[in-house]
Amino acid sequence: MPELPEVETTRRGIEAHVSGQIIAAVEVRQPKLRWRVPPGLSRKLKDARIDCLERRGKYLLFKTSSGTLIVHLGMSGSLRMVVDGAPPQAHDHVDLRLGNGLTLRLRDPRRFGAVLWTRSDPLRHPLLAALGPEPLSDGFDGAWLRQRAHGRKAAVKTLIMNSRVVVGIGNIYASEALFLAGINPARSAGRISARRLHGLAAAVKQVLEEALEQGGTTLRDFVNGAGEPGYFAQSLRVYGREGEPCVNCGAPVRARVLAQRASYYCPRCQR
DNA sequence: AGTGCGGCCTGTCCGC
DNA sequence: TGCGGACAGGCCGCAC
């Protein structure tokens, strides 16, 4: 899916078009996403005003005068602004028609995404309540990572992809950050020195910031609010580069599966 | 409590 | 050219 840089790129791209807008109509063509789209969503949202668009982890929070619309893009979801009346394409599941002549449209071929609704504080929603710190905030650093890694036997890649430990890091950026930090993705989290965990926290921040600057990574589905791809794919150092030379030492990049996810690393640079 | 796995979906690509 | 199977950016819920 979109990982944090892609979700944040989406948020930045559509924020100005949705903030302050009244929702004129909601159309749900396919309610069967990861969870069923709430049946009365249209009634709940109609005539509500979108006050702001925030992000927590990979969840987008449309805060309105009557509650919060929570959107998750899953593996293949994208949100974009289209002009009212633009004919929906395949997998365009949900539309929010706004007062400014634009429609916010959710496309999600694999339907692993979600559209949810809550009247209370969205940060207390069951799906969001236990989330770890934002990786680009001061709440995420080497000390935090060290505390969470203590005693863990599982692979460090699994640890940093755990949203209770830190949000926003998916399969691509986990491999990339571990490469920058020089840590083998399969290494047990609890057996990494404090110094290297500090380096890993810094590497996570670095790779996410770089990806944000490039508008995210587009492998296949991701487009920003204007329908454009991100450009970080060309900057990936190890992800998807099995057999190609390590950008650091030239050794062939290796791939192996960890927790059922493809992982890429340099066997010489990452220990 | 931590860990590993199945499952949710469709599209694409690869080998036969 | 067609077909089966593996795989793809996430992550919940369950069994152990």
Side-chain angles (χ1 to χ4, degrees), chain A residues 1-10 29-37 55-60 70-79 89-94 106-116 125-132 135 147-178 185-191 204 207-208 211-212 214-224 229-236 238-243 255-264:
Chain A
M1 115 154 188
E3 305 182 34
L4 185 144
E6 293 74 43
V7 178
E8 178 62 18
T9 295
T10 297
R29 283 176 288 269
Q30 169 60 274
K32 289 173 67 179
L33 303 184
R34 172 121 205 234
W35 293 280
R36 191 171 193 85
V37 177
R55 178 188 59 75
R56 175 74 176 102
K58 298 175 190 172
Y59 294 90
L60 286 166
I70 302 173
V71 175
H72 194 289
L73 299 176
M75 288 273 238
S76 59
S78 59
L79 280 173
Q89 308 293 307
H91 312 301
D92 284 345
H93 304 314
V94 179
L106 171 68
R107 174 177 299 178
D108 185 4
R110 291 179 68 184
R111 286 194 261 139
F112 284 1
V115 174
L116 304 164
H125 188 281
L127 290 172
L128 282 76
L131 293 179
Q147 181 196 325
R148 299 312 310 267
H150 182 76
R152 295 278 188 105
K153 286 179 67 181
V156 62
K157 175 163 179 273
T158 309
L159 183 82
I160 61 171
M161 287 179 67
N162 182 342
S163 64
R164 289 167 181 261
V165 175
V166 56
V167 296
I169 304 167
N171 205 35
I172 294 179
Y173 299 117
S175 280
E176 293 296 306
L178 287 162
R187 178 167 291 276
S188 284
R191 296 185 58 251
V204 163
V207 72
L208 293 180
L212 264 172
Q214 304 273 329
T217 300
T218 296
L219 296 182
R220 174 167 301 147
D221 298 306
F222 174 70
V223 290
N224 66 19
Y231 295 99
F232 192 68
Q234 62 198 35
S235 304
L236 295 173
V238 283
Y239 188 86
R241 297 190 63 243
E242 181 180 11
R256 73 172 279 190
V257 175
L258 290 173
Q260 293 134 258
R261 311 300 299 277
S263 310
Y264 299 89

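Within every chain, numbering begins at 1; the chains are lettered A, B, ... in the order of the sequence lines, protein sequences first and strands thereafter.
Side-chain atoms of A:Arg56 do not come within 3.5 Å of backbone N or O of A:Lys58 as any donor-acceptor pair. Listed for the A:Ser175 side chain is a donor-acceptor partner under 3.5 Å among the backbone atoms of A:Tyr264.
Below the 3.5 angstrom threshold, one finds a donor paired with an acceptor across the side chain of A:Arg110 and the base of B:dC9.
A:His72 is not listed as a side-chain neighbour of A:Arg34, based on a closest heavy-atom distance of 4.5 Å or more. Contact of the A:Glu176 side chain with the A:Leu236 side chain is registered, since non-hydrogen atoms from C-beta on lie closer than 4.5 Å. In this structure, the side chains of A:Leu4 and A:Arg55 come closer than 4.5 Å at one or more pairs of heavy atoms.
Taking 4.0 angstrom as the limit, A:His72 places none of its side-chain polar atoms (N or O) nearer than this to OP1 or OP2 of C:dG10. For the pair A:Arg152 and B:dT3, the criterion of a side-chain N or O lying under 4.0 Å from OP1 or OP2 is met. In this structure, A:Arg34 does not reach the C:dC11 phosphate: none of its side-chain N or O atoms is under 4.0 Å from OP1 or OP2.
Closest to the side chain of A:Lys153, out of B:dG11, B:dT3, B:dG6, is B:dT3. Distance from the side chain of A:Leu127 is smallest to C:dC12 among C:dC11, B:dC5, C:dC12. Here the side chain of A:Ala154 is nearest to one of B:dT12, B:dG4, C:dG13, namely B:dG4. In this structure, the nucleotide among C:dA8, B:dG11, C:dC12 sitting nearest to the side chain of A:Pro109 is B:dG11. The A:Tyr59 side chain lies nearest to C:dC12 when the options are C:dG10, C:dC12, C:dA8.
Toward the 5' end of DNA chain B, the nearer of the two residues A:Ala259 and A:Arg148, judged by each one's closest nucleotide, is A:Arg148.
In DNA chain B, stems built from 3 or more consecutive Watson-Crick or G-U wobble pairs, each with both distances under 3.5 Å, span B:2-8 with C:10-16, B:10-16 with C:2-8.
For the residue pair A:Asp108/A:Ser76, the side-chain donor-acceptor check at 3.5 Å is satisfied.
Aromatic ring pairs are classed by plane angle as parallel below 30°, tilted from 30° to 60° and perpendicular above 60°; the pair A:Tyr173 and A:Phe232 is tilted.
The CG-C1' distance, from A:Leu219 to B:dG11, rounds to 14 Å in whole Å. Straight-line distance from the CZ atom of A:Arg164 to the C1' atom of B:dT3: 13 Å, rounded to whole Å. Protein atom CE of A:Met161 is 11 Å distant from nucleotide atom P of C:dA8, rounded to whole Å. One interatomic measurement links the two molecules: CD of A:Glu3 to C1' of C:dG10, which rounds to 9 Å at whole-angstrom precision. Between the CG atom of A:Leu131 and the C1' atom of C:dC11 there is a distance of 11 Å, given to the nearest Å. Counting to the nearest Å, the P atom of B:dT3 and the CZ atom of A:Arg261 are 17 Å from each other. With rounding to whole Å, A:Met75 atom CE is found 8 Å from C:dA8 atom P. The interatomic distance linking A:Leu258 (CG) with B:dG4 (P) rounds to 10 Å, in whole Å.
Within the nucleic acid shown, A:Phe222 comes within 4.0 Å of at least one base atom, counting heavy atoms only. Base engagement by A:Thr217 is indicated by at least one non-hydrogen atom pair under 4.0 Å involving a base atom. Among the heavy atoms of the strands, none lies under 4.0 Å from A:Asp108.
If you take atom P in B:dC9 and the same atom in C:dC3, they sit 24 Å apart, rounded to whole Å.
An aromatic stacking contact between A:Phe112 and the base of B:dC9 is absent, as defined here by ring centres under 5.5 Å apart and ring planes under 30° from parallel.
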Check residues 153-169 of chain A and write down every donor-acceptor pair under 3.5 Å in which the side-chain atom is one partner and the other belongs to a residue at least two apart or another chain.
unit_1	atom_1	unit_2	atom_2	d
A:Lys157	NZ	A:Asn171	OD1	2.6
A:Lys157	NZ	A:Ser263	OG	2.9
A:Asn162	OD1	A:Arg164	N	2.9

